[in-house]
Amino acid sequence: MSRIIVPQAEGIQLFTVPLPLEEGDLLGSPQIAWQAYGKPSDGKAVVVLHDLSHSHQALSTEVNGAYQPSGWGRELIGPGKALDPDVTPVIVPNLLGSPFGSTSPLTPDPHSGRPWGAALPPLTVLDMARGVSALLRALGLTRVRAVVGIGLGGLVALRLAALFPELADGVVVLGAARALPEGLREKLGLTSQVLRMAPDNEDTPPLRERAPNRTLARLRMDYLKLLYGRDHLGSAYPDSAAALAALEAEAASFADTFDPLAWSMLCSAYAGCDLTETFSKIHARVLLLAGATDALAPAGRVRDTYHQLTAAGVQARFVELQGPGDHGTLLSDAHRLKGPVQDFLRWLRG
């Protein structure tokens, strides 16, 4: 049985200086939640950035309910894993917009004291990258060994490397290309509109007061079908009815737990990001890890991103992971992550 690892430090970093946002607004009193495993020091720490619906609590125990925002990093971080905190200290920030402690529609507006709600200015992948950089500076870190990002976090990791070229020696991207496939960009980009225009019934109260929110559950169900394909569901459940029931339970649990405004904001940021024009600014070495059946980051699209990076002068590697390749299964096997990630970290020392 694996040893339970608890964070050696954690907190919510409050900033007194407003954060400039990509779309021109200033975000007053921003805050970033974080956890650290091991003892981070300048030049040695690895930053791990979570996916769209995850929290920063990468190794936390399960919470009640089918939707589990935490504990997703157990096969990535730990003794004998790709990132061993005793050897490589790990910091996991909560991305801006995520409703698990960082500034999101749930956090108080500094002027009114009430939750930001729909008044929170739009946040982008660039804003999330700036938030991560601000946190690292506040923790006394001017350089890190690597930034590792999963899905949305992978886009943030690459954007961070382009925005601050001297911050990281390397970037590891798992399950992300330069942008989402066009059809998914369009679909996720409509999330906010769908939530606003599709009330659950005529008597449904305003969006923030809906519990449970059947519209949000339906959107989550659609997203889960992108995360898990037929092959995975067929191997994980005895039959299609059991698989459907499990997905429906997770979607309902998500709708009871996740703030709908935060979800629409995160989806808009994910859909609106295309990093192609930023690659020439990246000085760090890059490792791209892809799953063969990942609908959010198809292996061919990730391979094309590798070629675009190398054409821009970036020292990059591409690895297609063996075994289950759906986006939701990319962090399921410690062994297949350990080899390429540790080889890459050794390459950074060379």
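Model, not experiment: these values are computed from the prediction.
What you find for S55 and N94 is that their closest heavy atoms are CA-ND2, 4.2 Å. Looking at every heavy atom in both residues, E320 comes nearest to A292 through OE2-CB, 3.3 Å. Here the closest heavy-atom approach between residue K39 and residue P89 is recorded as O-CG, 3.3 Å. Between A138 and Q13, the closest heavy-atom pair is CB-CD, 3.6 Å. Scanning all heavy atoms of the two residues, the minimum distance from P122 to L21 falls at O-CD1, 4.0 Å. Of all non-hydrogen atoms in F344 and V286, the two that sit nearest each other are CE1-C, 3.7 Å.
Between the side chain of R336 and the backbone N or O of P324, at least one donor-acceptor pair lies under 3.5 Å. Judged by distance alone, the side chain of K281 and the main-chain N or O of P165 form no donor-acceptor pair under 3.5 Å. For W116 (side chain) and P121 (main-chain N/O), no donor-acceptor pair under 3.5 Å exists by modelled atom type. Between the Q31 side chain and the G101 main chain, a donor and an acceptor come within less than 3.5 Å of each other. Without hydrogens or angle criteria, T88 side chain to P85 main chain gives no donor-acceptor distance under 3.5 Å. Remark: the backbone N or O of A297 is paired with a side-chain donor or acceptor of D294 at under 3.5 angstrom.
Linking Ile, Leu, Val, Met, Phe, Trp and Tyr whenever their side-chain heavy atoms come within less than 4.5 Å puts V46 and L348 in one cluster. Criterion: ILVMFWY side-chain heavy atoms under 4.5 Å apart, direct or through other members. Under it, L244 and Y237 are part of a common hydrophobic cluster. Residues W347 and L287 share a single hydrophobic cluster, defined by chaining ILVMFWY side chains whose heavy atoms lie under 4.5 Å apart.
No side-chain heavy atom of D25 sits under 4.5 Å from any side-chain heavy atom of L27. Residues I282 and V171 form no side-chain contact, since every pair of their non-hydrogen atoms from C-beta on lies 4.5 Å or further apart. Inter-residue side-chain proximity for L184 and Y270 is flagged as unmet; no heavy-atom pair is nearer than 4.5 Å. Side-chain contact between L296 and L52 is absent, with no heavy atoms from C-beta onward closer than 4.5 Å. Within the 4.5 Å cutoff, the side chain of L337 has no heavy atoms near those of the K81 side chain. For the pair M265/S104, no side-chain contact is recorded, criterion being any heavy-atom separation below 4.5 Å from C-beta on. Here the side chains of I77 and I5 are not in contact, with every heavy-atom distance at 4.5 Å or above. Between M128 and L49 the shortest side-chain heavy-atom distance does not fall below 4.5 Å.
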Derivation and outcome, side chain to side chain contact (heavy atoms under 4.5 Å, CB included), residues V90 and D84: CA-CA 8 Å; V90 174; D84 185 342; over 6 Å; no
Residues R130, E22; criterion salt bridge (Lys or Arg N to Asp or Glu O under 4.0 Å); working and verdict: CA-CA 10 Å; R130 285 175 173 159; E22 183 175 10; over 6 Å; no
Derivation of the salt bridge (Lys or Arg N to Asp or Glu O under 4.0 Å) call for R346 and D343: CA-CA 5 Å; R346 284 191 289 269; D343 284 347; 2.2 Å; yes
Working for side chain to side chain contact (heavy atoms under 4.5 Å, CB included), residues D231 and T293: CA-CA 10 Å; D231 289 345; T293 54; 5.5 Å; no
Derivation and outcome, salt bridge (Lys or Arg N to Asp or Glu O under 4.0 Å), residues R349 and D169: CA-CA 9 Å; R349 294 196 295 264; D169 295 330; over 6 Å; no
Worked check of side chain to side chain contact (heavy atoms under 4.5 Å, CB included) between R196 and S264: CA-CA 10 Å; R196 287 196 183 101; S264 64; over 6 Å; no
Trace of the side chain to side chain contact (heavy atoms under 4.5 Å, CB included) decision for T124 with D127: CA-CA 5 Å; T124 67; D127 300 326; 3.1 Å; yes
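Note: Y306 and F318 have tilted aromatic rings, judged against thresholds of 30 and 60 degrees for the angle between ring planes.
Dense packing is recorded around CD of Q8, with more than 12 heavy atoms of other residues, nucleotides or ligands lying under 6.0 Å away. Remark: R230 CZ is loosely packed, at most 12 non-hydrogen atoms of other residues, nucleotides or ligands lying under 6.0 Å away. Heavy-atom contacts from other residues, nucleotides or ligands closer than 6.0 Å to CD of E166 number more than 12. No more than 12 heavy atoms of other residues, nucleotides or ligands shown are found within 6.0 angstrom of CG on N64.
For the side chain to side chain contact (heavy atoms under 4.5 Å, CB included) with V47, the lone residue among V148, V92, L136 that qualifies is L136. A side chain to side chain contact (heavy atoms under 4.5 Å, CB included) with L289 is found for one member of V173, I150, V172 and no other, namely V172. Of the options T305, D274, D304, a side-chain hydrogen bond (donor to acceptor under 3.5 Å, both in side chains) to R178 is made by D274 and by none of the others.
Side-chain atoms of S53 and R220 form a donor-acceptor pair, as typed in the model, at a separation below 3.5 Å. No side-chain N or O of S253 forms a donor-acceptor pair with one of D256 less than 3.5 Å apart.
For the atom pair CG of L96 and OG of S102, the computed distance is 6.0 Å after rounding to the nearest 0.5 Å. For the atom pair L160 CG and L126 CG, the distance stands at 10.0 Å (nearest 0.5 Å). Note that OG of S41 is 12.0 Å distant from CG of L139, once rounded to the nearest 0.5 Å. How far CG of L330 is from CG of D51: 9.0 Å, rounded to the nearest 0.5 Å. If you take NE2 on H56 and CG on L135, they are separated by 10.5 Å, rounding to the nearest 0.5 Å. The structure places CG of L345 at 4.5 Å from CZ of R145, a figure rounded to the nearest 0.5 Å.
Residues satisfying the side chain to side chain donor-acceptor pair (under 3.5 Å) test with Q57, not counting sequence neighbours, are S70. Applying the side-chain contact (heavy atoms from CB on, under 4.5 Å) criterion to H335, with sequence neighbours excluded, gives D333.
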